[in-house]
Amino acid sequence: RLLSGSVLGKVSLISGAGGINGVTSSGSLTLVANNNTGSISVNSVLSNQNLTMGLSGSTDSKVRIESSGINTTLSAIEITTTHTAGNIDIFNAGGLGGGAIGMRTGSGGFTLLTNTGGTVAISSNSASTSIAVNSSGAGEDLNLSMNGNTDSGINLLSAGTDTAISVRTSSSTGNIYISQTTGSVGM
């Protein structure tokens, strides 16, 4: 047991190159900062000096990052890099195996935005892909658009060998409109 000796006291653990090791035989480990901030960091000076937060053992267990933040001015959970060239990777088993990645949001929605010049690519390997709106009322549309008055467009491209591209409705009263803006001189 380590005590600071007073309300304003401080406990410091300082080690040389040998590091600090803390192990419990079968007990849990808890670190709590009351009414203040907390941090765990690695001050790296060479490559591959990493900070690893992991769970070992092939059991029905998980790594959980949880926040009670209320999003008044700050996001409840933020994952970011401080270097402009830093990448963020999210994958399971290097993208191999049968594992999945699920993302579910509340009614606030989901926003994906790149910096200027950043492309977006979504691909599935040897499997179908769907983008759908589960509509429950009028005006809940799926919009596929290209914004900006430039020499750009929307391309539908298929390498299929049978019905390569199909445009159809599943409602018996659904219409299909193909139109141009009023006054257009395009073909």
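In this chain, numbering begins with 1 at the start of the sequence shown.
Between the CD1 atom of Ile178 and the CD atom of Gln180 there is a distance of 10.5 Å, given to the nearest 0.5 Å. From Ser67, atom OG reaches atom CD1 of Ile77 across 5.5 Å, with rounding to the nearest 0.5 Å. If you take CD1 on Ile176 and CZ on Arg168, they are separated by 10.5 Å, rounding to the nearest 0.5 Å. Note: Leu144 CG to Leu156 CG = 7.5 Å, rounded to the nearest 0.5 Å. Leu113 CG to Asn115 CG: the interatomic distance, rounded to the nearest 0.5 Å, is 8.0 Å.
Hydrophobic clustering (ILVMFWY, side-chain heavy atoms < 4.5 Å, transitive): Leu112 and Met103 are in one cluster. Val63 and Leu29 fall into different hydrophobic clusters, where Ile, Leu, Val, Met, Phe, Trp and Tyr residues are linked whenever their side-chain heavy atoms come under 4.5 Å apart, directly or through other members.
Counting non-hydrogen atoms of neighbouring residues, nucleotides and ligands closer than 6.0 angstrom, the CE atom of Met146 exceeds 12 such neighbours. Heavy atoms of other residues, nucleotides or ligands lying less than 6.0 angstrom from CD1 of Ile79 number 12 at most. In Ile70, the CD1 atom is not crowded: 12 or fewer heavy atoms of neighbouring residues, nucleotides or ligands sit closer than 6.0 Å. Environment of CD1 in Ile131: sparse, with no more than 12 heavy atoms of neighbouring residues, nucleotides or ligands closer than 6.0 Å. Annotation: Ile90, atom CD1; neighbour count of heavy atoms from other residues, nucleotides and ligands within 6.0 Å does not exceed 12. Counting heavy-atom neighbours within 6.0 Å of Ile122 CD1, excluding the residue itself, gives a total of 12 or less.
Under the 4.5 Å side-chain criterion, counting only non-hydrogen atoms from C-beta, Thr114 is not in contact with Thr119.
Of the possible polar contacts, none joining the Thr163 side chain to the Ser166 backbone as a donor-acceptor pair under 3.5 Å is found. In this structure, Ser135 contributes its side chain and Gly137 its backbone to a donor-acceptor pair below 3.5 Å.
Under the side-chain hydrogen bond (donor to acceptor under 3.5 Å, both in side chains) criterion, no residue pair touches residues 75-95, with sequence neighbours excluded. Residue pairs that meet the side-chain hydrogen bond (donor to acceptor under 3.5 Å, both in side chains) test with at least one member in residues 29-43, sequence neighbours left out, do not exist here.
Minimum interatomic distance between Phe91 and Ile101 (heavy atoms only, all atoms of both residues): CA-CD1, 4.1 Å.
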*Would Leu51 and Ile40 count as a side-chain contact (heavy atoms from CB on, under 4.5 Å) if you check the C-alpha gap in whole Å, the side-chain angles of each, and the deciding distance to 0.1 Å?*
CA-CA 9 Å; Leu51 171 63; Ile40 300 175; 4.2 Å; yes
*Before giving the answer on side-chain contact (heavy atoms from CB on, under 4.5 Å), spell out for Asp141 and Val133 the whole-Å C-alpha distance, their side-chain angles and the decisive distance to 0.1 Å.*
CA-CA 7 Å; Asp141 305 320; Val133 173; over 6 Å; no
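The salt bridge (charged side-chain N to carboxylate O under 4.0 Å, His left out) test applied to Glu66 returns Arg64, not counting sequence neighbours.
For the residue pair Thr169/Ser171, the side-chain donor-acceptor check at 3.5 Å is not satisfied.
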